[in-house]
Amino acid sequence: MILEDIKNISVTKSVDARGTACPGPLLEAKKAIGTIKPGDIMEVLSADEGTKVDIPKWCTKQGHEYIGTVEESGYFRIFLKKK
Amino acid sequence: MEKKKLCLALYTGSVDKLTAAGVILSGAAADDMSVDIYVLLQAARAFRKDIGDDSDKLQMAENPNMKAEFLQSLKNLKVKTWVEFFKEAKEITDVKIHICGLAGKVWGGEKLDDFINIADDICGIGAYITSAQEADVNLFI
């Protein structure tokens, strides 16, 4: 999927974790994933560089599909699909 | 799928290392790990009801002269206290906190009720060794 497509994905849930440092965004993602259905798409907003690495790895381990990361001004939007 | 297990021998009673332990617990919680924490000598003091995350009563393991800056920086970054990290991990995954009976006594704690309410039981060292033998990840902090 190209960046432009990812940017325009419609998400079921958006988790704004920009106010927290590691491990905040990962835990916010973990808590939020329990509130959506399999196949739903979630984005995590984070200003923490580590989240860019953590969330894709976490998706691999948990079986969720990591879709991609979009860099915005001062933060990242990390997209994933729940297994 | 069977959960991976983390066994943590928590020796430290210092605020900086307890915070590090809290961050690691968060990672374990995000991964749905099952966690056993054995609260050993110095750590049992921090688990006393009258201490917990009262940072005035906790020392730093390293850079003791920079405690104020360290705590202020954590606050600015909205980082949770060590007790908050432990509580949150317990809410998310299976975390059991065992106070070493000897360690408790060293600091005047005989009963579970003498410790903050995230502790699950008081145990002997045999329980720790058994858990460590079964764990996928072993840490000593």
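In what follows, chains are A, B, ... by sequence order, proteins preceding strands, each numbered from 1.
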Practice item. First locate atom CG of D31(B), then atom CG of L26(A), and finally report the distance between them rounded to the nearest 0.5 Å. Key: 7.5 Å
Point to revise | K105(B), NZ: over 12 other non-hydrogen atoms inside 6.0 angstrom | key: no
Check your understanding: What do you reckon, is NZ of K49(B) surrounded by more than 12 foreign heavy atoms closer than 6.0 Å?
Key -> yes
Exercise for review: Assess whether atom NZ of K80(B) is packed by more than 12 heavy atoms of other residues, nucleotides or ligands within 6.0 Å.
Suggested key: yes
Practice item. Name the member of G34(A), G19(A), G24(A) that forms the most heavy-atom pairs with chain B at distances under 4.5 Å. Key: G19(A)
**Study point:** Considering all heavy atoms, the nearest P23(A)-F85(B) contact
**Key:** CG-CE2, 3.7 Å
**Study point:** K61(A) side chain near D32(B) side chain, heavy-atom distance below 4.5 Å
**Key:** no
Check your understanding: What residue in I92(B), V79(B), I24(B) has the most heavy-atom pairs under 4.5 Å with chain A?
Key -> I92(B)
Check your understanding: Are the charged groups of K30(A) and E88(B) less than 4.0 angstrom apart, N to O?
Key -> no
Review point. Would you find more than 12 non-hydrogen atoms of other residues, nucleotides or ligands less than 6.0 Å from K5(B) atom NZ?
Key: yes
Check your understanding: Around atom CD of Q59(B), are there more than 12 heavy atoms of other residues, nucleotides or ligands at under 6.0 Å?
Key -> no
